[in-house]
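Everything on this sheet refers to the single structure shown next.
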There are 2 protein chains.
Amino acid sequence: MDATETTVITADDALRTRAIDVADRLFYTRGVQSVSMDELRSETGISLKKMYALFPSKEQIVLAVLARRHDIWTAGIADAASRVSTPRDRLLAIYDFLADWFTEDDFRGCGFINSFGELGATVPAVAEATRDQKASFQQYVAEVAAEAGAPAYLAPQLAILAEGAQTTAAISGVPDAAGQARAAAATLIDAAMGSRA
Amino acid sequence: MDATETTVITADDALRTRAIDVADRLFYTRGVQSVSMDELRSETGISLKKMYALFPSKEQIVLAVLARRHDIWTAGIADAASRVSTPRDRLLAIYDFLADWFTEDDFRGCGFINSFGELGATVPAVAEATRDQKASFQQYVAEVAAEAGAPAYLAPQLAILAEGAQTTAAISGVPDAAGQARAAAATLIDAAMGSRA
DNA sequence: TTGCGCTGAGAACGCGCGTTCTCTATAGTA
DNA sequence: TACTATAGAGAACGCGCGTTCTCAGCGCAA
């Protein structure tokens with residue numbers, strides 16, 4: 001009707017969402033390259049023709065999956081942060097969020113790290129999406145750390161702990177990595193704040 | 001001649017070594033699945049027939065590459081540790097080793113983590129090799145931490161920092177992750193030892 | 001009712017892969 | 001010298017992939 005309509009939800013949008021749901025589950029469980037477009041077709045019920053009308057290529061489906069994972073991650077961190085009141089607790093809430101995630105049945109590590117390992121070297125857009133996600137997280141940590149009045153060196157340390165916890169939990173299958181990282185984070189925060197106080 | 005000969009180096013061993021050298025470089029740079037057996041053939045000068053005489057399958061080449069990476073990693077950590085004298089310094093030497101590694105031109109993250117992301121879900125032997133490597137490292141850290149008289153909770157924290165540094169350096173391309181992890185490790189060690197002293 | 005345009009299902013295509021097969025060249029033995 | 005066994009090069013195979021093409025079916029205008 002007019003040029004400003006931006007939030008109309010079409011039937012195609014619903015199909016796109018369904019495709020991303022299914023693709024995310026399959027990609028995350030088995031890796032991108034081991035899931036064929038034909039399997040995506042049979043699992044979604046969306047024909048190949050329609051699929052290629054919704055997405056120009058498989059790569060774009062991967063990127064759409066990663067974009068949604070980014071949104072879900074950001075919302076999850078924000079939700080965990082909203083349950084506590086101090087900046088210090090908001091920093092620690094990151095690891096509580098991780099702890100919940102790690103205990104999910106289908107947890108298989110960070111989808112970005114996995115995709116980066118599989119495709120980062122050959123698909124630049126995947127490497128970029130992964131870098132963006134990590135940079136966004138690092139900036140979030142830096143902002144909350146700044147709110148807490150912590151010195152600048154603290155935030156990268158806390159981000160590294162979060163990354164390491166994800167990798168360790170994924171590979172070793174030990175969900176406790178979140179708790180270990182949380183305890184380390186608390187020590188680092190206290191040390192940083194103590195030296196400041 | 002007799003049944004006890006175990007260290008005879010044959011011409012095939014030399015070929016195997018060359019194949020592993022080349023495969024490691026290509027797999028690490030571009031990922032396993034994007035490197036074909038034919039490319040391995042042309043880069044090594046070893047015919048496909050010979051290659052399949054040396055290794056029963058591509059998967060076995062991947063596992064041989066990972067096994068050698070395990071050895072190189074272990075030797076590198078031991079070498080870094082040998083340059084210092086106290087258990088505390090041996091723990092910190094881990095991050096000095098990482099710092100050197102991260103600044104290499106072709107650094108592209110931990111080969112195990114990358115392979116795990118690419119193949120861990122579909123090739124059980126790759127997942128197992130990765131778990132073994134990480135478990136071996138965790139045990140090393142635990143041993144040195146015990147030598148230092150640190151409480152048991154310290155070692156997993158230090159291992160998580162090392163994992164996180166590798167991931168962060170690989171994705172964000174920031175070699176400084178090693179230095180940040182080292183500083184965090186020093187803080188954690190001092191806090192753990194301080195509470196013990 | 002008839003014609004027309006469009007949507008979409010799924011068959012088909014071309015390519016590249018891991019692996020195997022064939023055939024040649026050579027070295028050792030009588 | 002003649003024969004045989006072996007090794008090896010690289011052509012060939014079968015399959016599975018991402019993507020494209022064909023054609024049937026349907027809604028709508030006149």
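Side chains are part of it too, since the values below use all heavy atoms of this structure and drop only hydrogens, waters and symmetry mates. Reminder, nothing fancy here: chain letters follow the sequence lines and each chain counts from 1.
The bend of the helix from C/dT1-D/dA30 to C/dA30-D/dT1, defined by the angle between the axes of its first five and last five pairs, stands at 30° to the nearest 10°.
Atoms CG (A/Leu54) and P (C/dT7) sit 13 Å apart, rounded to a whole Å. A/Leu15 places its CG atom 8 Å from the P atom of C/dG8, with the value rounded to the nearest Å. Remark: P of C/dT20 and CE of B/Met51 are 15 Å apart, rounded to the nearest angstrom. Counting to the nearest Å, the C1' atom of D/dA9 and the CD1 atom of B/Ile46 are 13 Å from each other.
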Pairwise N/O distances under 3.5 Å, protein to nucleotides 16-19 of chain C:
residue	atom	partner	partner atom	Å
C/dG18	OP1	B/Lys58	NZ	2.3
C/dG18	OP2	B/Met37	N	2.6
C/dT19	OP2	B/Tyr52	OH	2.6
C/dT19	OP2	B/Lys58	N	3.0
C/dT19	O5'	B/Tyr52	OH	3.4

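Listed by chain and number, the residues in a side-chain contact (heavy atoms from CB on, under 4.5 Å) with A/Ser36 are A/Asp38, A/Glu39 (sequence neighbours excluded). Checked against ring-ring contact (aromatic ring centres under 6.0 Å, His included), B/Phe137 has the following partners two or more places apart in sequence or in another chain: B/Trp73. In this view, B/Arg68 and B/Asp21, B/Asp24 satisfy the salt bridge (Lys or Arg N to Asp or Glu O under 4.0 Å) rule, not counting sequence neighbours. Shown here are the salt bridge (Lys or Arg N to Asp or Glu O under 4.0 Å) partners of A/Glu147, two or more places apart in sequence or in another chain: A/Arg90.
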Cut-off 3.5 Å, no hydrogens considered: what does the side-chain donor-acceptor table look like for residues 157-168 of chain B, sequence neighbours left out?
residue	atom	partner	partner atom	Å
B/Glu163	OE1	B/Lys134	NZ	3.2
B/Glu163	OE2	B/Lys134	NZ	3.4
B/Gln166	NE2	B/Ala162	O	3.3
B/Thr167	OG1	A/Thr167	OG1	3.4
B/Thr167	OG1	B/Glu163	O	3.2
B/Thr168	OG1	B/Gly164	O	2.8

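Note on residues 161-186 of chain B: no pairs pass ring pair (Phe, Tyr, Trp, His ring centres under 6.0 Å), not counting sequence neighbours. Applying the ring pair (Phe, Tyr, Trp, His ring centres under 6.0 Å) test to pairs two or more places apart or on separate chains, none has a residue in residues 14-60 of chain A.
Between B/Ile171 and A/Gln133 there is no side-chain heavy-atom pair separated by less than 4.5 Å.
Counting non-hydrogen atoms under 4.0 angstrom, B/Lys49 reaches a base of the nucleic acid.
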